[in-house]
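Source: prediction; values computed, not measured. As a basis for the values below, the full set of heavy atoms in this structure was taken, side chains included, without hydrogen atoms, waters or symmetry mates.
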Amino acid sequence: MYLTQRFYLISTVIILIIAGGYFLSPLYAVGKWLLVLFCIAVAVETVMLWSRKGIDAWRSCAARFSNGDDNEVSLRVESTYPFGIKLSITDEIPFVFQRRDIDFRFTLKAREGKTVSYMLRPTRRGVYGFGHIRVFVSTPVGCVQRRFTCGKPEDVKVYPSFLMLHRYELLAISNRLSDMGVKKIRRVGHNTEFEQIRDYVEGDDYRTINWRATARRSHLMVNVYQDERSQQVFSVIDKGRVMQHAFRGMTLLDYAINASLVLSYVAIRKQDKAGLITFNDKFDTCLPASARSGQMQKILDSLYNQETTFGETDYSALVANINMNVSKRSLLILYTNFSGKTSMERRLPYLRQLNSRHRLLVVFFEDRDLKDYISSKPADTEEYYRHVIAEKFAGEQRLIVSLLRQNGILSLLTTPENLSVDIINKYLEMKSKHAVW
């Protein structure tokens with residue numbers, strides 16, 4: 001049993017009235033009657049609340065959450081009391097969210113039920129534990145509360161952003177990908193390869209007529225083309241310390257994981273094969289490229305438990321293992337970050353080796369906070385000095401793009417929040433220009 005603030009307030013008033021009886025004797029009698037009535041009211045309210053179980057509540061949410069997205073959690077509470085009640089519901093959410101606002105207060109009529117919802121946005125992958133649902137119930141009198149402990153503790157796994165995949169799929173079906181920021185890119189040239197020559201059938205494109213074969217056979221013959229063979233697209237994710245930087249609570253590694261998941265889906269949808277490679281101080285995950293129906297689930301499961309390390313990444317091991325495991329020329333999309341021009345120059349020989357056998361696209365990150373700081377107006381000499389340093393670092397990032405281009409390596413400099421859309425647009429642009437291979 002819990003005593004409410006109203007209980008203590010009424011008790012204080014009654015005590016003051018009784019104490020006033022030392023100065024005005026009628027107040028003493030009034031105070032005693034009020035105390036008796038108050039005790040009766042509290043006793044009646046206690047009996048009403050404890051006369052039956054009264055409340056049942058449970059939690060409803062997805063079996064797994066999507067990292068970096070808003071995930072809905074619903075609480076359903078039902079009353080079996082034959083009278084109206086006031087409720088206060090608190091859900092024991094995972095402590096990592098550090099939220100104290102999951103507290104709902106409302107009233108229910110006799111034998112009524114109600115559902116309330118709230119959103120949780122995880123910023124790290126892993127297992128998140130929910131506790132019980134605590135429901136505090138009182139009658140309209142409001143002097144006593146009864147606590148109900150409902151629901152069961154449960155664990156929810158947080159996976160890479162699969163909700164973004166669902167949004168992409170829905171927009172693709174409704175032909176509204178531009179709402180997501182994906183550009184419509186017209187393909188250049190033919191998207192076909194010669195397969196065979198066959199007899200002309202009414203309705204065939206006259207531009208495919210093979211005039212030499214027609215002259216030999218004395219009747220119309222046409223060339224038959226097939227869609228170009230699918231190519232391999234590997235997402236290569238750096239898990240070193242440079243990917244530990246955070247933006248809006250999520251690390252660069254998580255942004256890269258979400259983007260690679262969406263890109264893999266797009267590549268498979270475009271008849272290409274999607275694969276995954278991760279590395280840090282050693283070569284780690286290597287999921288062969290495939291376009292089979294279960295490939296996306298394999299990629300999702302592989303990305304679920306990837307974590308950054310504090311060590312320096314070993315690009316020599318990456319090059320050696322890619323040469324060993326990826327024999328066919330492929331598109332390698334490398335998600336990494338550079339602390340400066342010197343950092344890039346140390347890795348440049350290995351990037352050249354990768355680009356010589358495959359088509360390499362280096363994706364690294366632009367600091368949005370740094371851009372906002374540069375655009376602000378300095379207030380004093382010290383601020384001018386800081387602006388110069390910030391502009392120098394931003395200039396180095398642009399210089400890195402230029403140096404990679406001079407070495408024949410494609411690059412994409414983007415902000416974390418725009419990464420998924422920008423990488424899809426870059427991939428589609430390369431496909432349209434036949435620049436992937």
Side-chain angles (χ1 to χ4, degrees), residues 1-12 45 49-50 53-79 81 84-109 112-164 244-255 258 307 368-369 416-417:
M1 183 173 72
Y2 292 84
L3 302 179
T4 65
Q5 185 177 3
R6 178 179 296 182
F7 174 89
Y8 292 106
L9 180 62
I10 295 175
S11 300
T12 302
E45 184 178 20
L49 289 176
W50 269 265
K53 181 180 179 181
I55 290 294
D56 192 15
W58 59 90
R59 181 189 303 108
S60 176
C61 64
R64 58 185 184 181
F65 281 2
S66 177
N67 191 28
D69 297 311
D70 288 329
N71 300 266
E72 184 177 16
V73 181
S74 298
L75 301 177
R76 176 69 180 179
V77 58
E78 293 184 352
S79 169
Y81 285 115
I85 56 175
K86 295 189 294 184
L87 296 178
S88 174
I89 303 179
T90 302
D91 193 8
E92 295 180 347
I93 65 172
F95 68 89
V96 69
F97 290 105
Q98 292 296 306
R99 290 181 58 178
R100 301 292 183 267
D101 58 341
I102 311 300
D103 184 14
F104 302 95
R105 300 174 185 271
F106 53 89
T107 59
L108 288 180
K109 297 179 182 178
E112 186 184 15
K114 189 173 183 179
T115 302
V116 293
S117 301
Y118 62 93
M119 308 298 288
L120 291 177
R121 181 181 180 272
T123 56
R124 292 183 63 87
R125 288 161 287 109
V127 179
Y128 287 43
F130 284 86
H132 294 283
I133 302 172
R134 309 292 184 178
V135 183
F136 295 86
V137 183
S138 63
T139 68
V141 177
C143 293
V144 178
Q145 281 186 333
R146 179 182 178 184
R147 188 185 76 173
F148 291 88
T149 299
C150 305
K152 296 180 180 179
E154 58 181 318
D155 292 335
V156 175
K157 293 182 177 180
V158 178
Y159 277 78
S161 182
F162 56 84
L163 290 182
M164 188 179 298
Q244 288 184 344
H245 298 296
F247 178 79
R248 293 183 179 176
M250 283 179 57
T251 63
L252 296 182
L253 175 65
D254 283 309
Y255 281 105
N258 291 346
E307 296 292 342
R368 172 55 65 87
D369 294 333
E417 72 269 26

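Note that OG1 of T149 and NE2 of H132 are 6.5 Å apart. Values are rounded to the nearest 0.5 Å. Considering CG of D56 and CD of E78, their distance stands at 7.0 Å, rounded to 0.5 Å. Here the CG atom belonging to N67 is positioned 4.5 Å from the CE atom belonging to M250, to the nearest 0.5 angstrom. Rounded to the nearest 0.5 angstrom, S79 OG and K109 NZ are separated by 13.0 Å. Atoms SG and CG, on C143 and L3 in that order, are 9.0 Å from each other to the nearest 0.5 Å. Here L49 contributes atom CG and I85 contributes atom CD1; the two are 8.5 Å apart, rounded to the nearest 0.5 Å.
Between the side chain of D69 and the backbone N or O of S161 there is no donor-acceptor pair closer than 3.5 Å. A donor-acceptor contact shorter than 3.5 Å is absent between the side chain of D91 and the backbone of I89.
Residues E307 and R124 meet the side-chain proximity criterion, which asks for heavy atoms closer than 4.5 Å. The shortest distance between side-chain heavy atoms of V144 and W50 falls below 4.5 Å. At a threshold of 4.5 Å between non-hydrogen side-chain atoms, the residues P122 and N71 count as touching. At a threshold of 4.5 Å between non-hydrogen side-chain atoms, the residues I55 and Y81 count as touching.
Closest heavy-atom contact between F104 and I102: CE1-CG2, 4.1 Å. The two residues T139 and E45 have their closest heavy-atom pair at OG1-OE2, 2.7 Å. Contact detail for A57 and C150: the closest heavy-atom pair is O-CB, 3.3 Å. Scanning all heavy atoms of the two residues, the minimum distance from S74 to T115 falls at CB-CG2, 4.1 Å. Among all heavy-atom pairs drawn from F247 and E417, the shortest one is CE2-OE1, 3.3 Å. The shortest non-hydrogen separation linking S66 to P160 is OG-O, 4.1 Å.
By the neighbour-count criterion of 12 heavy atoms within 6.0 Å, atom CD of Q98 is densely surrounded, having more than that number from other residues, nucleotides or ligands.
Classification of D103 and R105 as a salt-bridged pair holds, one side-chain N sitting under 4.0 Å from a carboxylate O. Under 4.0 Å is where a charged nitrogen must lie from a carboxylate oxygen, and between D254 and R125 at least one such pair does. With salt bridges taken as basic N to acidic carboxylate O contacts below 4.0 Å, none links K152 and E154.
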Are L75 and Y118 close enough, and set up right, to give a side chain to side chain contact (heavy atoms under 4.5 Å, CB included), and what steps lead you there?
CA-CA 9 Å; L75 301 177; Y118 62 93; 4.1 Å; yes
Trace of the side chain to side chain contact (heavy atoms under 4.5 Å, CB included) decision for F65 with V73
CA-CA 10 Å; F65 281 2; V73 181; 3.8 Å; yes
Begin with the C-alpha distance, continue with both residues' side-chain angles, and end with the deciding distance and a verdict on side chain to side chain contact (heavy atoms under 4.5 Å, CB included) for F130 and D155.
CA-CA 6 Å; F130 284 86; D155 292 335; over 6 Å; no
I'd like to know whether R121 forms a side chain to side chain contact (heavy atoms under 4.5 Å, CB included) with T123, so could you lay out the CA-CA distance, the side-chain angles of the two residues, the decisive distance to 0.1 Å, and finally the verdict.
CA-CA 7 Å; R121 181 181 180 272; T123 56; 3.5 Å; yes
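With hydrogens and angles left out, the side-chain atoms of S138 and R146 include no donor and acceptor closer than 3.5 Å.
The distance between the ring centers of F136 and Y2 falls below 6.0 angstrom.
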